[in-house]
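Heads up, the thing below is written out as structure tokens.
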There are 2 protein chains.
Amino acid sequence: MACRQSGLQMTPLREAAVSELWRAERPLTAYELLARLSEIAGRNLGPPTVYRLLDTLCQHGIARRIESLNAYVACHRREHDHECIFLLCQECGGATEIEDNGLERLLRKQAETAGFEMTRRVVEVSGVCAPCRTAVDSDGA
Amino acid sequence: MACRQSGLQMTPLREAAVSELWRAERPLTAYELLARLSEIAGRNLGPPTVYRLLDTLCQHGIARRIESLNAYVACHRREHDHECIFLLCQECGGATEIEDNGLERLLRKQAETAGFEMTRRVVEVSGVCAPCRTAVDSDGA
DNA sequence: AATGTAATGTTATACTATTGCATAACTGCG
DNA sequence: CGCAGTTATGCAATAGTATAACATTACATT
Ligand SMILES: [Zn+2]
Ligand SMILES: [Zn+2]
Ligand SMILES: [Zn+2]
Ligand SMILES: [Zn+2]
């Protein structure tokens with residue numbers, strides 16, 4: 001992995017957490033991650049441990065919380081100082097991150113119009129991803 | 001109130017729930033609403049009751065869930081068949097709904113580019129609202 | 001070794017939400 | 001009216017998500 005820019009020291013636990021989030025092909029809940037890390041560690045970790053890991057990784061932009069799923073993913077982009085836009089598939093549970101392309105500006109402008117100072121934003125789109133659409137189409141459903 | 005278009009029958013409980021959401025000057029959690037409705041009813045309602053009320057109201061577009069707060073607000077717009085954009089103030093806890101102005105189209109277009117069929121979206125902006133900004137400014141902080 | 005800091009462990013608890021089944025209220029009909 | 005079908009509500013238990021508070025460990029500096 002290559003995410004060590006920002007002065008975050010990579011401990012074995014953090015290493016394992018990032019690795020599991022990367023391996024997963026969909027967002028993991030905190031307790032799912034907890035179970036996997038416990039298995040890896042060979043002992044039962046507590047909820048605070050995994051929530052602290054997730055907090056730390058999220059603060060460094062390495063992991064992201066999906067608000068509408070109560071779940072967490074690894075951010076797949078190089079620069080970790082951005083806000084993500086996620087496409088969340090209702091069929092396969094997958095989360096895809098897409099490029100911003102002006103949405104940030106548009107949103108910031110509209111917030112400004114309301115006199116609102118924006119510090120964070122959540123943009124999550126639910127629906128059906130391309131692979132799942134073709135799968136459904138060929139069902140003849 | 002004037003939200004009876006869509007074939008939702010207004011029972012006393014639903015009436016009270018809508019009323020409390022309107023009166024509140026910020027989003028209410030399910031359990032906050034539960035407490036208020038219990039007080040109004042003069043007996044203790046159970047969690048399922050309030051979650052069912054909220055489900056129903058959300059399905060009819062009368063109430064909305066704020067994903068990043070685990071809380072609920074009454075939608076303040078006439079047409080209840082839209083997706084909302086919320087500005088959430090970190091100072092006062094207030095939630096303001098703003099007009100869409102092309103965001104929906106932009107987002108749908110970008111989803112389409114990814115071959116994604118969009119059925120729902122969440123857009124929530126956190127920051128500081130206009131009144132709270134002026135309040136902070138005049139603090140000399 | 002003594003100190004300080006960051007990280008992790010542990011226990012308990014708070015908060016959010018749903019399942020499953022029972023009962024009540026309302027509707028339409030014979 | 002009596003009844004069936006439907007919608008709404010009541011209720012108990014439990015599942016799922018997250019944090020508080022405090023103890024301990026690991027590691028770097030002196
Ligand atoms: Zn990202
Ligand atoms: Zn899919
Ligand atoms: Zn709205
Ligand atoms: Zn405010």
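The chains referred to below are lettered A, B, ... by the order of the sequence lines, with proteins before strands, and numbering in each begins at 1.
When the C1' atom of D:dT9 is taken as reference, atom CG of B:L54 falls 15 Å away, rounded to whole Å. Between the CG atom of B:L37 and the P atom of D:dA8 there is a distance of 16 Å, given to the nearest Å.
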Go along nucleotides 6-21 of chain C 5' to 3' and tag each nucleotide: B for a protein heavy atom under 4.0 Å from its base, S when only backbone or sugar atoms are that close, - otherwise.
SSBBBB----BBBB--
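Using modelled atom types and a 3.5 Å distance limit, the side chains of B:S68 and B:E124 yield a donor-acceptor pair.
Judged by distance alone, with hydrogens and angles left aside, the side-chain atoms of B:R14 form a donor-acceptor pair with the main-chain N or O of B:Q9 at under 3.5 Å.
A salt bridge links B:E99 to B:R77: one of the charged nitrogens lies within less than 4.0 Å of a carboxylate oxygen.
For A:R108, the side chain to side chain donor-acceptor pair (under 3.5 Å) partners at least two apart in sequence or on another chain are A:E104. Every residue two or more places apart in sequence or in another chain that forms a side-chain contact (heavy atoms from CB on, under 4.5 Å) with B:Q110 is listed here: A:I98, A:N101, B:L106.
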